[in-house]
Amino acid sequence: MVAYAIMSMLEPDYRWLEGDVLQIAPRILGWELESQAGGATTAGRIVEVEAYHGTNDPASHAYAGRTPRTMPMFDIGGTVYVYLSYGIHACMNIVTGPAGEASALLIRALEPTQGVNIMAQRRHTTALAKLTTGPGNLSQALGITVALSDTRLGTVLSLRPPTTPTPSLSIAIGPRIGISRATDYPWRFSLKHNPFVSPPRM
DNA sequence: AGGGTGATTAGG
DNA sequence: CTAATCACCCTC
């Protein structure tokens, strides 16, 4: 009992990520994504995500079934899935749902909260607006690489809840960006009027 | 609007 | 082995 209480304090509870990805997507806005990668603490509030809905979503990497790369997507909610895009950009996803479902949220933009100087060094710019906007850019800022794929939230990467809940009226919903299939699904979620959301803003 | 960049995947 | 395809980003 005591051991369980201590474990609960040390390990944040990510079981809420085992639900439906389309329910979780708006809820995760406002949460802080914190990284200990590279021996420094960097973090930002999540302001934009896209939902990828398992093996039935033509735009999802899981659509083709289980492959070596996408294996983490088939693990339980709270697993981290990072893939390399166009040979350059590491893009980070948080897996949702039960094991076998392969749904995930692509983190598309953050509002910087911790380690701004380090992020500026890694991004080779001091422009705050360019640090953590776009999935490849935020990974570079937080030191996220494909080496972190198939890890679990609560190790190198972790989530911290928002201080105030996000009103549903302040959430914009629209089609996903940069895909060639299922382009009409309204599965992109962002905070309205937030300057760190990637273009096109909604 | 166009191109760099290289892993990943299916197909021969 | 080859070739196509990319859940991107920067510069022009």
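Reminder, nothing fancy here: chain letters follow the sequence lines and each chain counts from 1.
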**Q** Out of C/dA7, C/dC10, C/dC6, which nucleotide sits closest to the side chain of A/N93?
**A**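 In terms of side-chain proximity for A/N93, the closest of C/dA7, C/dC10, C/dC6 is C/dA7.
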**Q** Between which nucleotides of DNA chain B, 5' to 3', does chain A make heavy-atom contacts below 4.0 Å?
**A**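 With heavy atoms of chain A under 4.0 Å away, the range is B/dG4 to B/dT9.
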**Q** Measure the OG-CG distance between A/S103 and A/L17 for me, rounded to the nearest 0.5 Å.
**A**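 That separation rounds to 12.0 Å.
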**Q** Look through every strand shown and name the nucleotide pairing with B/dG11 as Watson-Crick or G-U wobble, where both distances are under 3.5 Å.
**A**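 Its partner is C/dC1 (Watson-Crick or G-U wobble, both distances under 3.5 Å).
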**Q** Is A/M92 touching bases, backbone alone, or none of the nucleic acid, heavy atoms closer than 4.0 Å?
**A**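 Nothing: the residue A/M92, judged by heavy atoms under 4.0 Å, touches no strand.
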**Q** P atom, C/dA7 versus B/dA1: distance in rounded Å?
**A**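 One P to the other, the span is 22 Å.
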**Q** OP1 or OP2 of C/dC10 sitting under 4.0 Å from any side-chain N/O of A/R123?
**A**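 Looking at the OP1 and OP2 atoms of C/dC10, one of them is under 4.0 Å from a side-chain N or O of A/R123.
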**Q** OP1 or OP2 of C/dA7 versus the side-chain N and O atoms of A/S60: is any pair under 4.0 Å?
**A**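 The answer is no; no side-chain N or O of A/S60 sits under 4.0 Å from OP1 or OP2.
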**Q** Considering only C/dA7, C/dC10, C/dC8, which nucleotide approaches the side chain of A/Y86 most closely?
**A**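 Side chain of A/Y86 sits closest to C/dC8.
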**Q** Between A/R181 and C/dT5, is there a side-chain N or O to OP1/OP2 distance below 4.0 Å?
**A**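 So the side chain of A/R181 is outside the cut-off, no N or O lying under 4.0 Å from OP1 or OP2 of C/dT5.
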**Q** On a heavy-atom basis, which atom in A/A90 and which in A/I144 lie closest, and how many Å separate them?
**A**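 Minimum heavy-atom contact is CB-O, 3.6 Å.
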**Q** OP1 or OP2 of C/dC9 versus the side-chain N and O atoms of A/H89: is any pair under 4.0 Å?
**A**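 For C/dC9, neither OP1 nor OP2 has a side-chain N or O of A/H89 closer than 4.0 Å.
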**Q** Evaluate the salt bridge (Lys or Arg N to Asp or Glu O under 4.0 Å) criterion for residues A/E50 and A/R176: first the C-alpha distance (whole Å), next the side-chain angles of each, then the deciding distance (0.1 Å), finally the verdict.
**A** CA-CA 6 Å; A/E50 279 176 1; A/R176 297 174 290 185; 5.5 Å; no
**Q** Near DNA chain B, under 4.0 Å by heavy atom, which residues of residues 186-193 of chain A?
**A**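 Per residue number, the list is empty: none.
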**Q** From C/dC8, C/dC10, C/dA7, pick the nucleotide closest to the side chain of A/S85?
**A**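 Closest of the options to the side chain of A/S85: C/dC8.
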